[in-house]
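Scroll down for the structure; my scribbles are underneath it.
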2 protein chains.
Amino acid sequence: MTHFVGQCRLRKLAVTPQRLAIYGALARTDAHPTAEGLYRAIHVRYPTISLATVYKTLETLEREGLISRFSFLHQAARYDANQERHHHRVCIQCGRVEDFTDRALDRLPTGVHQRRGFKVLAQLVQVNGLCRRCKHPAGRSVRPT
Amino acid sequence: MTHFVGQCRLRKLAVTPQRLAIYGALARTDAHPTAEGLYRAIHVRYPTISLATVYKTLETLEREGLISRFSFLHQAARYDANQERHHHRVCIQCGRVEDFTDRALDRLPTGVHQRRGFKVLAQLVQVNGLCRRCKHPAGRSVRPT
DNA sequence: TTCAGTGCAAACGGTTTGCACCGCG
DNA sequence: CGCGGTGCAAACCGTTTGCACTGAA
C-alpha cells in the first residue's frame with residue numbers, strides 16, 4: 001500500500017481515501033472482482049462511496065497501469081460461423097478480429113492445470129496488437145460492424 | 001447452406017427464412033460481426049426482422065454448436081491488481097478466474113502474425129475448463145463477486 | 001485556493017424477456 | 001393444427017456521463 005501511495009504521488013494522482021479503499025480491496029483478493037463486487041466490499045466500511053467513483057477510479061488506475069481489466073472486447077459480443085479450432089488475432093486499435101489456426105497452440109501442455117484440480121476443456125490464445133492498417137497511423141481506424 | 005439446413009433438420013430446429021438469413025450473413029463474412037451488425041446487414045433485404053430475433057437465433061445456434069460467440073465473460077468486467085505478466089484459467093461453470101504464470105507461454109512465436117503485417121503487443125492465453133469444485137457435481141456453483 | 005476527485009441521478013448501449021401473433025413441420 | 005419461432009416494446013444491467021460539491025495538495 002505504501003508502494004501504491006508512492007505510485008500515486010509519482011503520477012500526480014490525489015491520494016484519496018476512496019482510492020485507497022478501492023485499490024486496497026483489489027490488492028487484497030485474487031478473486032478478480034467486478035466493479036460491483038468491489039463496491040459491495042468497500043461499502044460496508046465506507047457507506048458513502050458511490051459506484052460511479054469505483055468505475056472512475058478503476059478506469060484511472062487501469063490507464064496508469066496500476067491494475068488491469070480482464071474482459072476482452074466487452075463492448076459487444078462478436079459471432080463467428082467458423083467452427084474449426086482456431087485462435088484470435090485482435091487489433092486493439094480498430095477492433096478487427098482475425099482467426100488463425102495453429103496446431104502447436106492446440107497442443108499446449110495441460111498438466112499444470114490438471115495438477116491443480118482443473119479440468120481443461122479448451123485453451124484459447126488471443127494475440128493483441130496492431131493490424132497492418134492501424135500500425136501505420138496513415139489510415140483512419142474504423143470500429144467493427 | 002445445404003449443410004446448415006441439414007444440421008437444423010438433425011436438431012429439430014425449424015428452418016425459417018430468418019435463421020437462413022442470419023446464419024447466411026454470418027457464414028459469408030470473416031469480420032466477426034456483432035448482433036447489431038448482422039441485424040443491419042440483414043435488414044436491408046429483410047426489413048421486418050427484429051433485433052431480438054437475431055439475438056435469440058444467435059443464442060440458439062451457439063447452444064447447438066453451429067456458431068460461436070467471441071466475448072469471454074462479457075457480463076461484467078473483472079479487475080486484477082496483479083500486474084506481472086500472467087494468463088488466466090477460467091472456470092466456465094462458476095466463473096472463477098485464476099492467474100497463472102508460464103514463461104514458455106510468454107515466448108510464443110510471433111513470426112506468423114508479423115508476416116501478415118500485424119504488430120504483436122501481447123499474447124494472452126485463456127484456459128477454459130472446470131475448477132476443482134465444479135468438476136465434481138457435489139458442490140453448488142457460485143457466481144463470482 | 002484550486003482543480004482533481006467524488007456522489008448523485010439520469011442517460012446509454014448491449015442484451016434479455018413477456019407476450020401475442022405467425023408459420024414451419 | 002400445434003408448438004416453436006418471430007416481432008414488438010418494455011425491462012435489465014453494467015457502465016458512462018453531466019454537474020454541483022468537496023477535500024487533497
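The shown structure was predicted, so the numbers you read here are calculated from the model rather than taken from an experiment. Convention: sequence-line order gives letters A, B, ...; per-chain numbering from 1.
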Legend entry - Base-contact (B) and sugar-phosphate-only (S) positions in nucleotides 5-12 of chain D, heavy-atom cut-off under 4.0 Å, - elsewhere: SSBBB---
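Distance CZ (A:Arg69) to C1' (D:dT16): 11 Å, rounded to an integer number of Å. Atom pair A:Leu51:CG and C:dA10:C1' shows a separation of 14 Å (rounding to whole Å applied). Distance A:Glu36 CD to D:dT16 P: 14 Å, rounded to the nearest Å. To the nearest angstrom, P of C:dT6 lies 14 Å from OH of A:Tyr39. In this structure, A:Arg9 places its CZ atom 17 Å from P of C:dA4, rounding to the nearest Å. Rounded to a whole Å, the CD1 atom of A:Ile22 is 11 Å from the C1' atom of C:dG5. Counting to the nearest Å, the C1' atom of C:dG14 and the CZ atom of A:Arg78 are 14 Å from each other.
With hydrophobic clusters built from ILVMFWY side chains whose heavy atoms lie under 4.5 angstrom apart, A:Tyr79 shares a cluster with B:Met1.
Checked against the 6.0 Å centroid criterion, the rings of A:His88 and B:Phe70 qualify as a close aromatic pair.
Partner of B:Arg96 under the side chain to side chain contact (heavy atoms under 4.5 Å, CB included) criterion, chosen from B:Arg132, B:Arg133, B:Arg89: B:Arg133. The only member of A:Asp102, A:Asp106, A:Thr101, A:Asp99 that meets side-chain hydrogen bond (donor to acceptor under 3.5 Å, both in side chains) when paired with A:His87 is A:Asp106.
Note on the helix from C:dT1-D:dA25 to C:dG25-D:dC1: angle between the axes of the first and last five pairs equals 40°, rounded to 10 degrees.
Side-chain contact annotation: B:Ser68 with A:Gln83, donor-acceptor N/O pair under 3.5 Å present. For the 3.5 Å distance criterion, the side chains of B:Asn82 and A:His32 fail to qualify, holding no donor opposite an acceptor.
For the atom pair SG of A:Cys8 and CG of A:Leu20, the computed distance is 7.0 Å after rounding to the nearest 0.5 Å.
Listed pair B:Tyr55 / C:dT15 meets the phosphate criterion, a side-chain N or O lying under 4.0 Å from OP1 or OP2.
Side-chain N or O atoms of A:His86 include one that pairs as donor or acceptor with a backbone N or O of A:Glu84 at under 3.5 Å.
With sequence neighbours excluded, no residue satisfies side chain to side chain donor-acceptor pair (under 3.5 Å) with A:Arg19.
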